[in-house]
Undergrad: 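First the structure, then my questions, so here it is.
Keep in mind that the numbers below use all heavy atoms, side chains included, and drop hydrogens, waters and symmetry copies. Lettering of chains follows the sequences in order, A, B, ..., and the numbering in each one begins at 1. Predicted, not measured: the structure shown is a model, and the values here were computed from it.
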Protein chains: 2
Amino acid sequence: MARQAKAKKLLNTRQIRDAEATQAVILAAAQEEFAKHGLIAARTQAIAAKTGVAKSMIYYYFHDKQGLYEAVLERSHSDLLQTSHQLDLNNLSPEAALEIFLAALLDCVSQNPNLPLIMFHEAVQNQGQHYKHSTSVSIDKVLVKILEKGVATGAFRQLDPLQSAINIMGTCLFYFIGMGNTQHYPQDKPFLSPAMLEQHSQEAIALILAGVKNT
Amino acid sequence: MARQAKAKKLLNTRQIRDAEATQAVILAAAQEEFAKHGLIAARTQAIAAKTGVAKSMIYYYFHDKQGLYEAVLERSHSDLLQTSHQLDLNNLSPEAALEIFLAALLDCVSQNPNLPLIMFHEAVQNQGQHYKHSTSVSIDKVLVKILEKGVATGAFRQLDPLQSAINIMGTCLFYFIGMGNTQHYPQDKPFLSPAMLEQHSQEAIALILAGVKNT
DNA sequence: GTCTATACGAGGATAGAC
DNA sequence: GTCTATCCTCGTATAGAC
């Protein structure tokens, strides 16, 4: 019916034949899909449906599903990498450095809650192939360095830096991974609401700082 | 466990027409596959290949892929549920109760490192449907209770019990989920070696106890 | 650049012999 | 109970019109 066609056209504010915009919507939809399902279980059809563009556009711009996946990985990590690169923690005390680092990390993932999910699908499905020759692992290395320094100066208790770095990352990131299991709890605020995210950041930082400090 | 021993034995020297053993090998192989890929991305072909039995045996015993998946979920959680049910923490101090609880949890997942991965996939793929009407969430509820009591008695610092319970679970379980990303580190011992698992348990418990204690 | 239609292979599930 | 062979849906990827 003509009226419906018109309505549809009006609803679809997206400009037609705008290459950049099309790539952007595809990437955004793909990020969600890959976060939920990982590379293998993700469906190109589902991604296309979310965007409103034809499925074949994925192949036009990204060659194949794997190409789109890699573009999403790259794009998702760039914020975190950039942030961590900008941090200058060398002339800070270990406690201060740790707190700054954690705040930055938690801020990043709060702004993009899909990132932890993407990281861990990649970890378990592909054994983290993407991180093998990437600089992404530098994130963890920064944390290990902070912990080593803290142990050396006596600011932190005797702990294994690598093990503790993993556990600390877990404290920060598990919230986003386990959400599906925990969201059934009687809870007034949604887990991704700004208030809850802020509270998570504070609770995580408090737990970690108290956990590593030398008494 | 006798069942698993039988399954392993039959992986080497397969006897024919042993219903119980066949189901056991399928379940064992399926657990690994579902841990790595979750329900959707898991391949029945891959499961069959690992067992040596024909793919159609999966359908004979478990009706379909979903049926097998549910059997694996049930089976994988039973140890943890049983263990947590046996714990009697009521007449212990919050600190002692927390330590016992964590030790039991870490022991369970150390014996079955697939469990956290299975939980993770179920959480993100199915929004934890399996846990909705299951008693599995009781695990977390036990932890929340301990934390509430500790805050009330002043043994623990002021913390949000639910948020902290999630973060604590993350500290314990993330090690197993993030392994794929972390195993590229220069590391003498494999992440699932008894020594590393034991160290992880100790480090996690130390971090958490120090993290919640009132100073 | 974007769409529709379709080829083609992968993978879930079944049939039927043994 | 177990196997082999087969069916058929679903999903990736391509072809070709506009």
Undergrad: Are the side chains of Asn112(A) and Phe176(A) in contact, using a 4.5 Å heavy-atom criterion?
TA: no

Undergrad: If you measure from CZ on Phe174(A) to CG on Asn181(A), what distance do you get to the nearest 0.5 Å?
TA: 7.5 Å

Undergrad: In chain order, what residues pass the ring pair (Phe, Tyr, Trp, His ring centres under 6.0 Å) check against Phe191(A), with sequence neighbours excluded?
TA: Tyr175(A)

Undergrad: Give one of base, sugar-phosphate or nothing for Ala54(A), where a contact means two heavy atoms less than 4.0 Å apart.
TA: base

Undergrad: Whole angstroms only, please: what is the CE-C1' distance between Met57(A) and dT12(D)?
TA: 15 Å

Undergrad: Measure the distance from CD on Glu20(B) to P on dT2(D) and round it to the nearest whole Å.
TA: 12 Å

Undergrad: Taking protein heavy atoms under 4.0 Å as touching, what does nucleotides 10-17 of chain C look like 5' to 3' if B marks base contact, S marks sugar-phosphate-only contact and - marks none?
TA: -SBBBB--

Undergrad: Between P on dT14(D) and CZ on Phe62(A), what's the gap in Å once rounded to a whole number?
TA: 15 Å

Undergrad: Ring centroid separation for Tyr69(A) and His130(A), is it under 6.0 angstrom?
TA: no

Undergrad: Just jot down the ring pair (Phe, Tyr, Trp, His ring centres under 6.0 Å) partners of Tyr59(B), sequence neighbours excluded, or say none.
TA: none

Undergrad: Taking the side chain as C-beta and beyond, is there a heavy-atom pair between Ile205(B) and Leu98(B) under 4.5 Å?
TA: no

Undergrad: So which nucleotide from dT2(C), dT2(D), dC3(D) ends up closest to the side chain of Tyr61(B)?
TA: dT2(D)

